[in-house]
Student: 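Handing you this structure, nothing more for now.
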Amino acid sequence: MIRRGACLLILGAVVFLLAWAISRFGGWFQVHDIRVIFVNDNGLERMGYVSPTDVKNLTDIRNGYNILRLDLDRVRARLKRHAWIKDAWIKVALLKGVVEIYVEERKPVGRVEDAGGEGYLVDAEGVILGAASAGNPTLVGLPFSPETGKVPRWAATLLTYYRGFSRCAGLFPTIDVSDPKCVLLFPQKEDLPSVKLGPLDTFYSLIPKLDELLFRVNVSGFATIDCRLGDGCVLKPRVEGGRESG
């Protein structure tokens with residue numbers, strides 16, 4: 001009786017292994033549909049920097065491919081090597097032959113320029129996403145090497161914070177941090193003044209005050225806005241000898 005049970009157990013194992021081998025190498029479970037799903041901000045949203053075709057090409061998965069032979073970890077790693085893909089994961093419906101590829105794209109928070117004036121988009125983590133001739137806001141005077149693929153985290157944090165003040169970022173899109181003791185903001189239009197801020201570490205406390213000032217005052221008639229005192233901003237008029245207000 002024991003010998004018979006052992007034989008049945010061995011037979012069952014052989015059948016299982018045979019069925020698995022046929023499934024694995026015989027093409028029973030094939031890919032019939034590949035779906036790319038973009039996920040951002042805890043919802044379905046496509047940022048537009050990576051196309052579904054790009055994603056499919058990166059995975060190298062094709063219809064008719066044996067699902068059981070897919071190396072999902074390798075596919076995921078390949079996707080995450082793309083500059084614009086922050087994360088990716090894959091779900092497989094074995095019996096339906098459906099492969100769902102979920103992609104979270106990186107979002108640019110601004111642009112940085114290197115010492116040679118070349119511009120690059122970066123995300124909130126400081127990852128360099130690619131070359132860019134324009135971008136708002138733009139951080140200049142930042143020492144970094146594009147070959148590293150990243151900029152200092154504080155620079156990305158500064159851009160993320162600044163873009164939240166749409167009035168400031170719209171009128172003064174360029175932030176110059178070449179001198180950390182006196183940060184400068186440059187206007188988008190020539191008829192607007194430049195802005196002098198205090199040291200870099202006071203940037204976060206001064207920007208809300210500047211944003212409020214821009215809401216109340218038409219600054220087009222002034223040459224400079226000086227916020228280095230920290231408790232307010234002084235407007236310096238274009239006409240020499242004119243009255244200063246703050």
Student: Out of curiosity, does F215 fall in the hydrophobic cluster containing Y162 (side-chain heavy atoms, cut-off under 4.5 Å, transitive links)?
Tutor: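 Each belongs to a different hydrophobic cluster.
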Student: How about NZ on K150, more than 12 heavy atoms from neighbouring residues, nucleotides or ligands closer than 6.0 Å, or not?
Tutor: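 Atom NZ in K150 is crowded, with more than 12 foreign heavy atoms closer than 6.0 Å.
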Student: Would the number of heavy atoms belonging to other residues, nucleotides or ligands and lying under 6.0 Å from CZ of R74 be above 12?
Tutor: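 Not buried by this count: 12 neighbours or fewer within 6.0 Å.
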Student: Let me see the working for E212 and R167 under salt bridge (Lys or Arg N to Asp or Glu O under 4.0 Å), right down to the final yes or no.
Tutor: CA-CA 9 Å; E212 181 182 356; R167 194 173 293 104; over 6 Å; no
Student: For the side chain to side chain contact (heavy atoms under 4.5 Å, CB included) test, which of T224, D191, L210, I225 pairs with V219?
Tutor: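 Answer to the side chain to side chain contact (heavy atoms under 4.5 Å, CB included) test with V219 among T224, D191, L210, I225: I225.
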Student: Check whether any side-chain heavy atom of C233 sits under 4.5 Å from a side-chain heavy atom of D226, and report yes or no.
Tutor: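 Not touching, per the 4.5 Å side-chain cut-off.
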Student: How long is the straight-line distance from CG of D73 back to CZ of R78, given to the nearest 0.5 Å?
Tutor: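 Those atoms lie 12.0 Å apart.
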Student: Give the minimum heavy-atom separation between V217 and F222, together with the two atoms involved.
Tutor: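 It is CG1-CE1, 4.3 Å.
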Student: Roughly how far, to the nearest 0.5 Å, is the CD1 atom of I61 from the CZ atom of R69?
Tutor: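 The CZ atom of R69 sits 13.5 Å away from the CD1 atom of I61.
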Student: Are V103 and V39 side-chain neighbours, meaning at least one heavy-atom pair lies under 4.5 Å?
Tutor: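 They are not in contact (no side-chain heavy atoms under 4.5 Å apart), so the answer is no.
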Student: Once you round to the nearest 0.5 Å, how far does CD1 of I85 lie from CZ of R76?
Tutor: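 If I round to the nearest 0.5 Å, the distance is 11.5 Å.
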Student: Would you call K56 and D54 a salt bridge, taking side-chain N to carboxylate O under 4.0 Å as the test?
Tutor: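 Salt bridge: no.
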Student: Please give me the minimum heavy-atom distance between P146 and D114, naming the atom from each residue.
Tutor: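 Where P146 meets D114 most closely, the heavy atoms are CG-OD2, 3.7 Å.
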Student: Could you walk me through whether I90 and E100 satisfy the side-chain contact (heavy atoms from CB on, under 4.5 Å) test, starting with their C-alpha distance in whole Å, then the side-chain angles of each, then the deciding distance to 0.1 Å, before giving a yes or no?
Tutor: CA-CA 6 Å; I90 302 160; E100 293 182 339; over 6 Å; no
Student: Does the structure place the NZ or CZ of K91 under 6.0 Å from the centre of the six-membered ring of Y102, at an angle of no more than 45° from the ring's axis?
Tutor: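 Judged by the rule, K91 and Y102 form a cation-pi pair.
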Student: Could you tell me whether a side-chain N or O of E105 sits under 3.5 Å from a main-chain N or O of Y49, the two making a donor and an acceptor?
Tutor: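 It does hold such a pair.
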Student: Any side-chain heavy-atom pair from R163 and V109 closer than 4.5 angstrom?
Tutor: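 Contact flag for R163/V109 side chains = yes.
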Student: Side chain of D211, backbone of I207: donor and acceptor closer than 3.5 Å?
Tutor: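 No, D211 side chain to I207 backbone: no donor-acceptor pair under 3.5 Å.
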Student: How would you list, by chain and number, every residue that makes a salt bridge (Lys or Arg N to Asp or Glu O under 4.0 Å) with D71, sequence neighbours excluded?
Tutor: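 If we apply the salt bridge (Lys or Arg N to Asp or Glu O under 4.0 Å) test to D71, skipping adjacent residues, there are no hits.
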Student: Can you hop from L184 to V112 via hydrophobic side chains spaced under 4.5 Å?
Tutor: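 As far as the 4.5 Å side-chain criterion goes, V112 and L184 are not connected within one cluster.
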Student: Are V98 and W89 linked, directly or through other ILVMFWY residues, by side chains that come within less than 4.5 angstrom of each other?
Tutor: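 No, no single cluster joins them.
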Student: If you measure from CG on L58 to NZ on K80, what distance do you get to the nearest 0.5 Å?
Tutor: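 Separation between the atoms: 14.0 Å.
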Student: Does this structure show an ion pair linking D60 with R62, if we count only N-O contacts that are shorter than 4.0 Å?
Tutor: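 Result for this pair is yes, salt bridge flagged.
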Student: Would you indicate whether the side-chain heavy atoms of L159 and W154 approach each other to under 4.5 Å?
Tutor: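 W154 does not reach L159 side chain to side chain.
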Student: Report yes if the side chains of I34 and N63 come closer than 4.5 Å at any heavy-atom pair, otherwise no.
Tutor: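 They are in side-chain contact.
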Student: So, do D123 and I128 sit near enough that their side-chain heavy atoms are less than 4.5 Å apart?
Tutor: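 No, their side chains stay 4.5 Å or more apart.
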Student: Please tell me if the side chains of L158 and I175 come closer than 4.5 Å, counting only heavy atoms from C-beta onward.
Tutor: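 A side-chain contact under 4.5 Å exists here.
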Student: Does any non-hydrogen side-chain atom of P152 lie less than 4.5 Å from one of L142?
Tutor: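 Yes, close enough: below the 4.5 Å cut-off.
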Student: Return the CD to CG distance between E113 and D176, rounded to the nearest 0.5 Å.
Tutor: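 Reported value, rounded in 0.5 Å steps: 10.0 Å.
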Student: Would you mind listing every ring-ring contact (aromatic ring centres under 6.0 Å, His included) that reaches into residues 165-188, with sequence neighbours excluded?
Tutor: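 Those involving residues 165-188 are Y161-F165.
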Student: Taking all atoms of both residues into account, what is the closest heavy-atom pair of S205 and T202, and its distance?
Tutor: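 Closest approach of S205 to T202: OG-O, 2.9 Å.
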Student: Between A156 and A124, what is the shortest heavy-atom contact and its length?
Tutor: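 Closest pair (atom of A156, atom of A124, distance): CB-O, 3.5 Å.
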Student: Once you measure the plane-to-plane angle for Y120 and F144, does it fall in the parallel (<30°), tilted (30-60°) or perpendicular (>60°) bin?
Tutor: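 Correct class here is perpendicular.
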Student: Heavy atoms only: give me the nearest P187-P193 pair and the separation to one decimal.
Tutor: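 Of all heavy-atom pairs spanning P187 and P193, the closest is CG-O, 3.5 Å.
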Student: For the NZ atom of K86 and the CG atom of L79, what is their distance to the nearest 0.5 Å?
Tutor: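 It comes to 16.0 Å.
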Student: Output side-chain donor-acceptor pairs under 3.5 Å for residues 129-141, partner residues at least two apart or in another chain, one line each.
Tutor:
| from | atom 1 | to | atom 2 | distance (Å) |
| --- | --- | --- | --- | --- |
| N136 | ND2 | A169 | O | 3.4 |
| T138 | OG1 | R111 | NH1 | 3.3 |
| T138 | OG1 | G135 | O | 2.8 |

